[in-house]
2 protein chains.
Amino acid sequence: MILVKQSVLRLFQYRDFLIRSKKLGKESIFSDDFAENLGTTSIQVRKDFSIFGLSGNKRAGYKVDELLKQLNDVLKKDEKQKVIIVGAGNIGKALMKYDGFREGGLEIVALFDNDSKAQNEKAKPPVLALEQLYGFINENKIELGVIAVPYHSAQQVLDIMILAGIKGVMNFAPIALKAPKNFYINDMNLKIELESIAYFVKSLKKKRT
Amino acid sequence: MILVKQSVLRLFQYRDFLIRSKKLGKESIFSDDFAENLGTTSIQVRKDFSIFGLSGNKRAGYKVDELLKQLNDVLKKDEKQKVIIVGAGNIGKALMKYDGFREGGLEIVALFDNDSKAQNEKAKPPVLALEQLYGFINENKIELGVIAVPYHSAQQVLDIMILAGIKGVMNFAPIALKAPKNFYINDMNLKIELESIAYFVKSLKKKRT
DNA sequence: TAGATTGTTAATCGATTAACAATC
DNA sequence: TAGATTGTTAATCGATTAACAATC
């Protein structure tokens with residue numbers, strides 16, 4: 001198993017496409033269909049499958065039900081995963097309401113914020129005080145978190161999360177967080193992503209003149 | 001200029017770090033400082049600079065003011081860029097309020113939504129009807145957009161944006177959008193990113209047992 | 001001068017793409 | 001059988017890392 005990271009991301013997308021296709025009553029799908037849906041090539045689709053030992057039928061593509069079962073297995077989509085969000089600002093609250101997570105089996109069980117006005121223990125996912133962060137993670141054995149706090153408190157928050165037992169985070173704070181080797185961080189730097197789009201758009205324009 | 005995409009993203013991060021350092025009164029910075037801040041190596045920092053012709057002083061690092069000027073030039077950070085957001089749901093509204101964009105010189109000038117309850121022409125960035133999308137882009141010569149609509153309407157919305165003159169988008173809809181070659185799309189698939197974190201966390205756990 | 005740092009060229013690594021073999 | 005499709009091995013490409021030369 002050599003190339004992995006990118007392939008895994010695509011496997012999740014193949015899975016989503018499979019689920020949607022199943023709803024439409026499709027029973028089998030070709031590598032070309034996956035490729036078209038994802039904007040990639042059928043070669044890459046089959047390569048990805050091959051890496052993870054997923055196989056189809058020559059001349060007949062992939063059986064939807066069968067592949068879905070295999071994919072769920074490979075992607076470890078077994079039980080629901082509990083997730084907490086630290087920071088109940090714009091981003092944090094938007095993610096709380098984001099349907100995609102629920103669909104992906106990711107359940108947001110609590111938010112945390114040190115602004116007492118934002119706190120609400122009775123809310124559907126409760127918004128708790130930061131002091132409760134460590135205890136909550138520990139008691140509920142949470143392994144996944146989202147960091148949606150300003151950059152100056154992000155590292156501090158992460159340190160608590162790590163101590164309490166979190167194993168991986170999605171980080172929206174625009175800062176490179178420090179964590180142990182076996183801890184997984186996925187940086188989502190919205191500002192820089194949009195700035196870079198602006199940059200590449202300007203570059204494209206220049207090229208044509 | 002061979003490697004570019006990743007380097008550009010880092011250049012924007014170097015710039016942010018420079019701005020923060022300047023505020024702290026720093027006058028010069030070493031490649032090691034950049035590396036530490038970004039979680040990369042000084043070799044990569046210097047390589048990135050070298051690609052874009054940015055130079056420092058042997059033994060004395062980089063002068064903050066000087067490098068910042070050069071970086072702004074390279075990254076084309078001249079005038080403010082106007083941005084529109086299509087979709088005034090959770091994500092769309094959160095992005096509207098996101099400070100990072102403003103700091104990066106990206107001004108959100110309007111949102112669009114086909115839900116009349118969400119619309120509000122008088123709001124600070126107005127929330128307009130989808131029917132106004134084409135005209136608004138066209139009249140205001142907008143080049144940058146954010147797609148934050150459900151996946152089933154994303155392609156339709158993009159088609160209008162392209163026709164009206166948008167040149168690049170940040171896409172939050174979980175679908176591979178079709179666009180001409182010289183159009184720039186940056187996909188932000190939150191669901192898949194978080195799912196993949198869950199996956200890698202589970203993988204790490206398995207490895208240790 | 002010696003040491004620390006920048007800057008560039010070469011080597012390696014990881015991911016994608018191409019070529020082609022297998023087979024239904 | 002011929003054609004379409006899967007699946008794997010090899011080649012290429014792009015990005016990172018290492019080696020080292022330059023110099024303040």
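Keep in mind it's a predicted model, so treat the numbers as computed, not measured.
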Legend entry - Secondary structure of DNA chain D in dot-bracket form (Watson-Crick or G-U wobble, distances below 3.5 Å, | marking inter-strand pairs): ..||||||||||||||||||||||
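- The side chain of B/Lys47 approaches D/dT16 more closely than any other nucleotide in the set D/dA15, D/dT16, C/dA18.
- As a whole-Å value, the separation of A/Ile29 CD1 from D/dT5 C1' is 15 Å.
- A straight line from CD1 of A/Ile51 to P of D/dT9 spans 12 Å, rounded to a whole angstrom.
- The cationic group of B/Lys191 does not satisfy the cation-pi geometry with A/Tyr98, failing either the under 6.0 Å distance to the six-membered ring centre or the 45° limit from the ring axis.
- Listed by residue number, B/Gly56, B/Asn57, B/Lys58, B/Arg59, B/Gly61, B/Tyr62 are the residues of residues 56-72 of chain B with a heavy-atom contact under 4.0 Å to DNA chain C.
- Across B/Ile185 and B/Ala179, no two heavy atoms sit closer than the pair CD1-CB, 3.8 Å.
- Atom CD1 in A/Ile43 sits about 14 Å away from atom P in D/dG7, given to the nearest Å.
- Rounded to a whole Å, the CG atom of A/Leu38 is 17 Å from the P atom of C/dA15.
- Side chain of A/Gln6, nearest nucleotide from D/dT16, D/dT6, C/dT16: C/dT16.
- In this structure, of D/dT6, D/dT16, C/dT17, it is D/dT16 that holds the atom nearest to the side chain of B/Arg10.
- Summary of the strand contacts: B/Arg46 and A/Thr41 both lie near DNA chain C, and taking for each the nucleotide with the nearest heavy atom, the more 5' one is attributed to B/Arg46.
- The CG-P distance, from B/Asp48 to C/dT9, rounds to 16 Å in whole Å.
- Atom NZ in B/Lys5 sits roughly 9 Å away from atom P in D/dA15 (whole-Å rounding).
- Here A/Phe49 lies out of heavy-atom contact (under 4.0 Å) with every strand.
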